[in-house]
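Let me begin by presenting the structure, written as structure tokens, before commenting on it.
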Amino acid sequence: MNKLRPIQSRSDIPEKFRETPIGLLLEYHNLGKPYDVYSNA
Amino acid sequence: MDSRKHLHIPDHFAFILRSGGANLRPAEFKVSYAIAVGGVRAIALIGHNRCGMVNLVARREAFVNGLIEGAGWDRVRAEEHFMSFAPIFEIGNEIEFIISEAERLSLKYPKIIVAPLMFNVDDGLISWIERS
């Protein structure tokens with residue numbers, strides 16, 4: 001059975017996604033991380 | 001594709017492709033372009049709950065009548081349109097489809113990180129889908 005894992009803190013982000021754009025996305029969207037400045041994706 | 005889904009991310013952080021049911025097959029060339037030319041190295045595949053692509057066949061009449069009334073189509077054309085495309089876009093279950101689509105993308109683009117994620121349209125938060 002596949003399971004939904006809520007992201008309520010940085011420690012909830014799977015290790016394989018931390019320090020990747022996926023981890024950043026989850027931090028920005030769910031955890032309210034202040035936005036960094038990007039010139040391109 | 002859903003208007004209830006809005007991401008809180010900085011400008012220029014990501015390329016965003018909207019596709020019904022989190023199905024990227026119809027947008028595959030755009031995915032390849034984003035990787036090849038845009039330098040994308042990770043894909044967040046984000047589906048959402050209460051997805052209209054689940055049990056799409058139940059919306060056949062609404063779809064057909066909507067095209068007749070809203071777009072001025074005749075019934076035959078609208079029905080043919082639905083029957084041509086519904087099998088391509090229909091998904092059985094959001095979570096299972098996102099997992100399978102993430103696996104498909106991982107096989108197709110082996111150097112790309114692909115994350116299966118679910119957006120809850122009720123609270124606006126994203127969860128990670130852990131495969132059993």
Side-chain angles (χ1 to χ4, degrees), chain A, chain B residues 5-17 22 30-31 33-50 92-103 105-106 111-132:
Chain A
M1 186 74 179
N2 302 311
K3 288 185 179 173
L4 282 180
R5 300 291 188 191
I7 306 294
Q8 296 173 328
S9 70
R10 196 167 187 277
S11 62
D12 292 330
I13 299 173
E15 197 166 326
K16 63 183 174 183
F17 296 141
R18 286 181 208 160
E19 313 305 331
T20 75
I22 303 299
L24 276 175
L25 165 71
L26 294 168
E27 287 192 60
Y28 287 132
H29 185 83
N30 274 28
L31 307 180
K33 175 182 167 65
Y35 288 177
D36 299 297
V37 176
Y38 296 87
S39 56
N40 63 301
Chain B
K5 195 158 78 178
H6 173 72
L7 297 178
H8 300 287
I9 54 175
D11 290 344
H12 309 297
F13 175 68
F15 290 85
I16 297 177
L17 299 176
K30 297 176 193 174
V31 174
Y33 186 92
I35 293 168
V37 180
V40 165
R41 294 295 176 263
I43 297 173
L45 186 65
I46 310 173
H48 65 86
N49 59 330
R50 294 200 262 136
N93 170 278
E94 297 101 330
I95 293 175
E96 288 173 16
F97 183 82
I98 295 164
I99 286 284
S100 67
E101 182 68 345
E103 288 176 351
L105 292 167
S106 289
K111 292 176 71 175
I112 304 298
I113 300 167
V114 181
L117 305 172
M118 177 67 104
F119 185 102
N120 185 326
V121 298
D122 299 314
D123 64 15
L125 295 175
I126 297 173
S127 296
W128 167 55
I129 305 172
E130 182 179 23
R131 189 182 177 201
S132 56

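Keep in mind it's a predicted model, so treat the numbers as computed, not measured. In what follows, chains carry the letters A, B, and so on, assigned in the order in which the sequence lines appear, proteins first and then strands, with residues in each chain numbered from 1.
Within 6.0 Å of OH on A:Y35 lie more than 12 heavy atoms contributed by other residues, nucleotides or ligands.
Interface remark: B:I99 contributes side-chain atoms only to the contact with chain A (heavy atom separation under 4.5 Å). Of the atoms belonging to B:L45, not a single heavy atom falls under 4.5 Å from chain A. At a 4.5 Å heavy-atom cutoff, the contact between A:K16 and chain B is made by side-chain atoms alone.
Across every non-hydrogen atom of B:S127 and A:I7, the tightest pair is CA-CG1, 4.5 Å. The two residues B:D11 and A:Y38 make their nearest non-hydrogen contact at O-CB, 3.7 Å. Closest approach of A:F17 and B:I113 over heavy atoms only: CE2-CG2, 3.8 Å.
The candidate with the highest count of non-hydrogen atom pairs below 4.5 Å against chain B, out of A:P6, A:P14, A:P21, is A:P14. If you tally non-hydrogen atom pairs under 4.5 Å between each of B:A42, B:A115, B:A44, B:P116 and chain A, the highest count goes to B:A115.
Under the salt bridge (charged side-chain N to carboxylate O under 4.0 Å, His left out) criterion, B:R131 pairs with B:E103, not counting sequence neighbours.
Proximity of a side-chain donor or acceptor of A:N30 to a complementary backbone N or O of B:I126 within less than 3.5 Å is detected. In this structure, A:H29 contributes its side chain and B:H8 its backbone to a donor-acceptor pair below 3.5 Å.
Using a 4.5 Å heavy-atom threshold, the side chains of B:L117 and A:L25 count as touching.
Note that CG of A:L31 and CG of B:L125 are 9.0 Å apart. Values are rounded to the nearest 0.5 Å.
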Walk me through whether A:D12 and B:W128 qualify under side chain to side chain contact (heavy atoms under 4.5 Å, CB included). CA-CA 9 Å; A:D12 292 330; B:W128 167 55; over 6 Å; no
